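Worksheet: one structure, shown below.
Residue numbers begin at 1 in each chain, while the letters A, B, ... track the order of the sequences. Being a predicted model, the structure only gives us computed values, none of them experimental.
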There are 2 protein chains.
Amino acid sequence: MKRRDFGQYCGLARALELVGERWALLIVRNLVVRPRRYTELQTGLAGIPTNVLATRLKELEQAGIVERQVAPAPQRGVVYALTAAGRGLEPALLALARWGSTQLGEPQPGDVISPEGLVLSLRARFQPDQAAALSASWEIHVRDVVMHAVITDGELTTGLGAAPVKPDLTITARFADDELASYRGIMSAVRDGLVDLSGRKQLLDTFLRVFTVPRAA
Amino acid sequence: MKRRDFGQYCGLARALELVGERWALLIVRNLVVRPRRYTELQTGLAGIPTNVLATRLKELEQAGIVERQVAPAPQRGVVYALTAAGRGLEPALLALARWGSTQLGEPQPGDVISPEGLVLSLRARFQPDQAAALSASWEIHVRDVVMHAVITDGELTTGLGAAPVKPDLTITARFADDELASYRGIMSAVRDGLVDLSGRKQLLDTFLRVFTVPRAA
DNA sequence: CTGCATCCACTTTGATACTG
DNA sequence: CAGTATCAAAGTGGATGCAG
């Protein structure tokens, strides 16, 4: 059951042995946002074969990255969650996402955007220096996806669903039916005013500043 | 010749499509340190099949990550180097290496340590806040590997070979013949004084401080 | 319905041999 | 030196089956 090692005593090689296989990091990406059931992962990862998902989950569990929890009382089912080690992958995920987003061309026909991808983009684009000592919260609605970004004293938390407390500003992006609601698309909509706002509207500029990577970098 | 896409318009997915295949990031790792010829990569990546190396190099070139240069006058041969896009992968490489190094157990029999792995470890472990406004240079000798670390006003440059200018301190680590000269091994040797020094010996503590990830993190 | 396991065609990888 | 050619083994994608 052991994948071929690289035979190097090296952090990068080890990382690739553990999460370098196809689909592995995308599974971790979805679990970073929140724990998920098997079928949620399956539908969220549009296109992953079920046997590959099962295999990866076993390998990731074996590696101590994912934990298989049997949900207790109400729903009772299997829930997959990241361990502390798994959560430790987030900086690497964000770094890869930042680089990859510079390599994104035009969306191909058939491409989809997952809610988790949007949350990851938000985190990847966060500019800590722009948010120093800031406290503010936003809720973003785009098609049927709702996500939130809360900055407390410069610290960011994001996730899917409504904000945990009433957000300072709610942004609803309007999209044409045939338009892909990508992160860039959302930011363009915000820039061009193609949004409905509710709350402290002056926080729209702050949003743009805090979640846009400056040109120079 | 196109590898199956993930079908997601997402930075992470794109990154994995471009450099997610086996051996790809290890090739990039070696090229980050310096351009290499085909055979240097082959021997440096102990264990990579030659057809896989050839395939990866073509894919990476296609992706605009690697550049194939025909060396000019004296040696004339093929040299592979990273493009600007390829160099942009370094933060992601370092983040993965940092995580992976927390997942390194004991070295397996047969494991090797590549010089490039050591250089990457040095960069991955660099603590910018500990080096603020610092200027110092070290040359590290370990077995037959020589590498250098130069900090100029808080900015780090590292590489293989002797330091570009006379280093402030030269550290030569002593290792038993059967001991693996890993980064951890080197740092232990430094801590335990199992080193020969030449130069400003008080820079040994600085070295440890600047290139050791603190416990808390 | 959820959470997989099995089967099969196809692709990628590893190991080795060989060539301009 | 810088690869290509060949072939077996392993991994992946897609469809389907099935128990709790």
Quick one: B/I48 CD1 to D/dT4 P, roughly how many Å, whole number? 14 Å
Testing the 3.5 Å rule here: is there a donor-acceptor pair between the side chains of B/Y38 and B/T50? yes
side-chain N/O A/W23 vs D/dG13 OP1/OP2, d < 4.0 Å: yes
Residue met sooner reading DNA chain C from 5', once A/V79 and A/F6 are mapped to nucleotides: A/V79
Among C/dG14, D/dG14, D/dG3, which is the nearest nucleotide to the side chain of B/V52? C/dG14
Any side-chain N or O of A/K58 less than 4.0 Å from the OP1 or OP2 oxygen of C/dA5? yes
Please work out if A/R68 contacts a base, only the sugar-phosphate, or nothing of the nucleic acid, heavy-atom cut-off 4.0 Å. sugar-phosphate
C/dG14 C1' sits how many Å from B/L45 CG, rounded? 14 Å
Any side-chain N or O of B/R4 under 4.0 Å from OP1/OP2 of C/dT11? no
What is the distance, rounded to the nearest whole Å, between atom CG of B/D5 and atom P of D/dT12? 16 Å
Check A/E61 with A/K58, please: is the shortest side-chain N to carboxylate O separation under 4.0 Å? no
Taking only the side-chain nitrogens and oxygens of A/T39, find out if one of them lies under 4.0 Å from OP1 or OP2 of C/dG3. yes
Would you say B/R22 places a side-chain N or O within less than 4.0 Å of OP1 or OP2 belonging to C/dT11? no
Roughly, in whole Å, what's the span from CG in B/N51 to P in C/dA15? 10 Å
A/R56 side-chain N/O to D/dT12 phosphate OP1/OP2 under 4.0 Å: yes
Any donor-acceptor N or O pair under 3.5 Å, side chains B/S114, B/R29: yes
Roughly, in whole Å, what's the span from CG in B/L57 to P in D/dG3? 8 Å
Counting only heavy atoms not in B/E40, do more than 12 fall under 6.0 Å of its CD? yes
Is the NZ or CZ atom of A/R14 both under 6.0 Å from the centre of the six-membered ring of A/F6 and within 45° of that ring's axis? no
Minimum-distance nucleotide (side-chain atoms of B/R37 versus D/dG13, C/dC4, D/dC1): D/dC1
Among the nucleotides C/dC4, D/dA2, D/dA5, which one has an atom lying closest to any side-chain atom of B/T50? D/dA5
Can you tell me the distance, in whole Å, between the CD atom of A/Q42 and the P atom of D/dT16? 15 Å
Between D/dG3 and B/Y80, is there an OP1 or OP2 to side-chain N/O distance shorter than 4.0 Å? yes
Would you say the side-chain atoms of A/R184 and B/Y9 include a donor-acceptor pair closer than 3.5 Å? yes
Rounded off to whole Å, could you give me the CG-to-P distance for the B/L41 and D/dA2 pair? 10 Å
Among the nucleotides C/dA5, C/dG14, D/dA2, whichever has the atom closest to the side chain of B/V78 is D/dA2
Measure the distance from CG on A/L53 to P on C/dT2 and round it to the nearest whole Å. 14 Å
